[in-house]
Amino acid sequence: NYYWPRVPQLFDLMAEPIALLAATFTVSWMQRNNEFLPQLSAGIPTRRVVRPVLFAGAVAVALAPLNTELVIPEIADELMASRDDPEGAKAQLLMGAYDTSGVHIEGLAGYRKDRRVDRFCATFPESSPSGMVHVTAEEAVYIPPGDDPLTGGWMLTGVGEPVPYPLPTNFTVLGTGRAFLKTDTADYDTVRRGGTWYIYASTVRLRELLGADDTRRQTKMAVLFHTRITRPVIGMLLVLLGVSVILWNPDRHIALGAGLCMGLGTGYYACVIGCTAIGNSALVSPALAAWIPVMIYGPLAFVAFDMVHT
């Protein structure tokens, strides 16, 4: 239960280098066994020979976005689970998180199995009717969204006195020491994961979050959103560049091909990480930060492919 979710996570990190290595190894092995020679003698151009390899590489690259959109969001809880507490019964350290309404939620300890937080604290922004205030409670349990009005938020017990007046937005007093705080995005898992919880969200969910009024983390989420869009393009360009480099010299050894793959893979990661960093720092726009690797690898890949001996 702890290790199997790491398989999709590792594939999400290594999908493009895996596709690059598979494609370049296939082409290198074909060269080593002189499989190009009879086809070239029959008048079949090199680009047509490697077309099935490029198609297979495109399929492998396409698996990464599918994994990110369909698998990773479903196993986000398992990815955040502790190795010695797979059931979530032990107390966990909470990172805290902001809701889209601007409310910051934190607590002393959390219990994933019950979605319960001890020593709950909610800080409302200055824009709330009561101004910036803190509401504390001995315990809070997150209730998932449902048909009942008191769902999709936190049920607080042991609320500290005095209760702010006028009441903050989405805050309802239910009786002595009891209240309900309705939230949009700050559920238990979000509060437990902290400020980077959105990295496990799907692209559709990221788009919804970018349309919210909360401006916190918008830059980083926008960079991640645009990076998700450009990722298949960059991955395919990486495969095309790797195959082209191998085909430049038919006499290259497989070991040299593997070395070239490592070099291209290292350059790929360095480029993507660097562009993401400057995008997160707001030095360039999120869209430009995501498309810079395409601008770098695109011309290189097509020029290299055009230089292949036919």
Side-chain angles (χ1 to χ4, degrees), residues 7-31 36 44-72 199 202-204 206-207 222-249 252 254 256-276 278-279 284 286-310:
V7 176
Q9 187 180 36
L10 289 175
F11 179 75
D12 185 64
L13 295 173
M14 300 295 295
E16 289 80 12
I18 289 174
L20 170 66
L21 183 61
T24 53
F25 178 82
T26 301
V27 174
S28 297
W29 193 259
M30 292 173 66
Q31 287 182 337
F36 280 104
I44 302 175
T46 304
R47 298 186 182 89
R48 183 178 175 183
V49 175
V50 300
R51 192 180 302 167
V53 178
L54 296 177
F55 177 78
V59 173
V61 169
L63 292 177
L66 293 177
N67 179 65
T68 303
E69 299 301 316
L70 303 179
V71 181
I72 296 296
I199 64 176
S202 64
T203 304
V204 174
L206 283 176
R207 182 67 185 86
V223 172
L224 180 59
F225 174 79
H226 289 285
T227 302
R228 295 268 184 91
I229 296 176
T230 59
R231 182 178 181 180
V233 180
I234 301 173
M236 193 57 216
L237 290 174
L238 184 66
V239 172
L240 182 64
L241 179 61
V243 171
S244 302
V245 170
I246 295 298
L247 291 173
W248 276 355
N249 188 348
R252 290 189 185 274
I254 291 182
L256 293 177
L260 288 172
C261 286
M262 293 181 62
L264 290 174
T266 302
Y268 163 78
Y269 277 115
C271 183
V272 171
I273 293 174
C275 293
T276 301
I278 63 175
V284 298
L288 180 59
W291 284 95
I292 285 177
V294 178
M295 298 176 186
I296 295 175
Y297 277 90
L300 289 176
F302 284 107
V303 169
F305 193 65
D306 186 66
M307 293 174 62
V308 171
H309 298 291
T310 57

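Numbering of residues begins at 1 and proceeds along the displayed sequence.
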Heavy-atom closest contact ([X] atom, [Y] atom, distance):
X      : Y      : result
Val239 : Ala23  : CG1-CB, 3.8 Å
Ile199 : Leu224 : CA-CD2, 3.9 Å
Ala19  : Ala60  : CB-CB, 3.9 Å
Leu20  : Gly242 : CD1-CA, 3.7 Å
Leu288 : Met295 : CD1-CE, 3.8 Å
Gly235 : Glu16  : CA-CG, 3.7 Å

Has Tyr297 got a side-chain atom pairing as donor or acceptor with Tyr268's backbone, closer than 3.5 angstrom? yes
Using a 6.0 Å cut-off, check whether atom OH of Tyr269 has over 12 heavy atoms from anything other than its own residue. yes
Say you draw a straight line from [atom1] of [X] to [atom2] of [Y]; how long is it, rounded to the nearest 0.5 Å?
X      : Y      : atom1 : atom2 : value
Thr227 : Trp291 : OG1   : CH2   : 11.0 Å
Ser202 : Ile72  : OG    : CD1   : 12.0 Å
Asp12  : Leu63  : CG    : CG    : 12.0 Å
Leu241 : Thr24  : CG    : OG1   : 10.5 Å
Leu247 : Phe36  : CG    : CZ    : 5.0 Å
Glu69  : Arg228 : CD    : CZ    : 5.5 Å

CA sep, side-chain torsions, deciding dist, call: Leu54, Met236, side chain to side chain contact (heavy atoms under 4.5 Å, CB included): CA-CA 8 Å; Leu54 296 177; Met236 193 57 216; 4.2 Å; yes
Pair Asp306-Arg47, side chain to side chain contact (heavy atoms under 4.5 Å, CB included): steps then yes or no: CA-CA 9 Å; Asp306 186 66; Arg47 298 186 182 89; 4.0 Å; yes
Going by heavy atoms in the side chains, are Thr230 and Pro293 under 4.5 Å from each other? no
Within-4.5 Å side-chain heavy-atom neighbours: Ile278 and Ile292: yes
Go through the steps to decide whether Val7 and Phe11 satisfy the test side chain to side chain contact (heavy atoms under 4.5 Å, CB included), and finish with yes or no. CA-CA 6 Å; Val7 176; Phe11 179 75; 5.7 Å; no
